[in-house]
Amino acid sequence: MSAPPGRPEPMNAVPVRHPGRWVAVAVLAVLAAMLVHTILTNDGFGWPVVGDYLFSPPVLNGLKNTLVLTVLSMVIGIVGGVLLAVMRLSPNWILSSVAALYIWVFRGTPLIAQLLFWNFLSALYPRLSLGIPFGPEFVSFDTNQLINQFAACLLGLGLNEAAYMAEIVRGGIASVEHGQTEAAGALGMSRAQTLRRIVLPQAMRVIIPPTGNETISMLKTSSLVVVIGYFELLTSVQRIYSVNFQTIPLLIVAAIWYLALTSILSVGQGFIERRYGRGLQTGPPGPSLFGFLRRTPEEAPA
Amino acid sequence: MTPMVEALGIHKSFGPTQVLRGVDLVVQPGEVSCVIGPSGSGKSTLLRCINHLERIDSGRLRVDGHLVGYRERGGKLYEMRESEVAHQRRDIGMVFQRFNLFPHKTAIENVMEAPVVVRRQDKAAAKARAVELLDRVGLADRRDNYPSQLSGGQQQRVAIARALAMSPRLMLFDEPTSALDPELVGEVLDVMRGLAREGMTMVVVTHEMGFAREVGDALVFMDEGVIVEQGAPREVLGNPQHERTKAFLSKVL
């Protein structure tokens, strides 16, 4: 066999064999076949029941609550987290210590305890009022009316999340080279302009992946609101199977919805990551479950 | 005529280390002053004091007749607020050793950023000016590239265009060619030479003795936090008076 003109003779070597890999593939194939078989033949899975309940009103209602709680808690968490991170990095040690104290308390105590605390705030303060500190009050509210169950859920989940987000944002800001701040300062940009236009957009690249994690985690953590009597996706399926005893099929219903939401979030995260990856050559991310949705990567440098 | 830069008795320490120990320096408008010296001699720190990236511990530093970072009223000094410092820096351009371009913005966006955000210039006008400046540094065809897609020399030329976009009265260069591959040094020095010819006042910390000799109006030799010797570049390079200058030049020439 002769090489095409101008090209060297290719190496006609026998590639290294990997028998171990083929054994592993064979084992996995058998296990997968067993799994498919049992899913199809074991009546305990109750697929018709899954079909009946997947779009039933109580399940969809719980799903709606899960979504609302996740979105609003993450908004509180992200806004609070940015605020805390900026305080934490302030040259003023009082601001920095207050942020550190907040993070210490909210990361250091169980979320369930925090949810219960906000729900039972009225035991501590039966009335809340707006006014001049140590001076006259303008308006006053009954705590139980101001902080209903839903508000207690948002306070508990959101304020707890802010503590975690603060550390994520701080890490992102710290990852941006100091030279960037200096260059912006030398051009006459204020601290706020530098943070908003130069530092945060670059920090986003580091902030987004763990924030995606937090959001996906929040989808499921929000089920803890059951401790204060609120309900979401998992609670609604629990309520159903406590009556009809179809435990497994209803847990599958919940799992399907959680997986669907997680998939949507992962795809969204990919889009946001590309948006903030502009100009930064970190190479394409490794193969992902949803890699087939990715457009061709941007043109390589000339 | 008011000097563009007037430094009197500048001291600066980082913790226990004294980096500047009484530096006096005068740069007249239109003058190119090159600062040379061994590493750790305080030359970069002096440059960074001029636009208040570092705060001086004692002495007086004026740019165009105005104290940098302070206001003097009734014989008393008042520290400037951050916004006032930012306002002062608009008129002082700075070019860094490591370029420090904004990696998430294209070449033209880098150049437009400060005029639009700081000077509140109209976007179209800023863009037209940015195109002009990129053309001037020979990068008109690279305007839509991100910094990571440019060579070091090209990045440094964009950085110079970015500084010029604010129409500064004074340009500070902090070892602008030290991070470049040897074959890319020339293109950056060419741009700086052009600027000098147009009458820009420049303070250049550099190791490029050829540039200092050819373009510089004054050469300043610093060592251990003081100015050891200064004068016309040909004089200092050709006929150094101090032992330390001689020792340094014998190593780098």
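Note that the structure is predicted; figures quoted are calculated from it, not measured. Just so it is clear: chains get the letters A, B, ... in the order the sequence lines come, proteins before strands, and each one is counted from 1.
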Quiz item: Stepwise, does the salt bridge (Lys or Arg N to Asp or Glu O under 4.0 Å) test hold for B:R48 with A:E182?
Solution: CA-CA 10 Å; B:R48 292 162 59 82; A:E182 287 197 336; 2.4 Å; yes
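Annotation: B:E84, atom CD; neighbour count of heavy atoms from other residues, nucleotides and ligands within 6.0 Å is above 12. More than 12 heavy atoms of other residues, nucleotides or ligands lie within 6.0 Å of CZ in B:R129, so this atom counts as buried by the packing criterion. Remark: B:R55 CZ is loosely packed, at most 12 non-hydrogen atoms of other residues, nucleotides or ligands lying under 6.0 Å away.
For a residue to count as touching a neighbouring chain, one of its non-hydrogen atoms must lie under 4.5 Å from one of that chain's; by this rule A:A184 touches chain B with backbone and side chain alike. Heavy-atom distances place the side chain of B:L53, and not its backbone, under 4.5 Å from chain A. Neither the backbone nor the side chain of B:L150 comes within contact range of chain A; no heavy atom of the residue lies under 4.5 Å from a heavy atom of that chain.
Taking every heavy atom of both residues into account, A:R197 and B:V117 meet most closely at NE-CG2, 3.3 Å. Among all heavy-atom pairs drawn from B:R89 and A:G185, the shortest one is CD-O, 3.0 Å. Among all heavy-atom pairs drawn from A:G179 and B:N100, the shortest one is O-ND2, 3.1 Å. Taking both residues in full, the closest heavy atoms of B:A114 and A:L187 are given as CB-CB, 3.8 Å, listed atom of the first, atom of the second, then distance. A:A183 and B:F102 make their closest contact through CB-CE2, 4.2 Å (heavy atoms, listed as atom of the first residue, atom of the second, distance).
Ranking B:K105, B:R90, B:E113, B:M94 against chain A, the residue ahead of the rest is B:E113, based on heavy-atom pairs under 4.5 Å. Considering only heavy-atom pairs separated by less than 4.5 Å from chain A, the leading option among B:M166, B:E82, B:R98 is B:E82.
Between A:Y276 and B:H104 there is no side-chain heavy-atom pair separated by less than 4.5 Å.
No donor-acceptor pair closer than 3.5 Å links the side chain of A:Q193 to the backbone N or O of B:V118.
From A:I198, atom CD1 reaches atom CG of B:N110 across 7.5 Å, with rounding to the nearest 0.5 Å.
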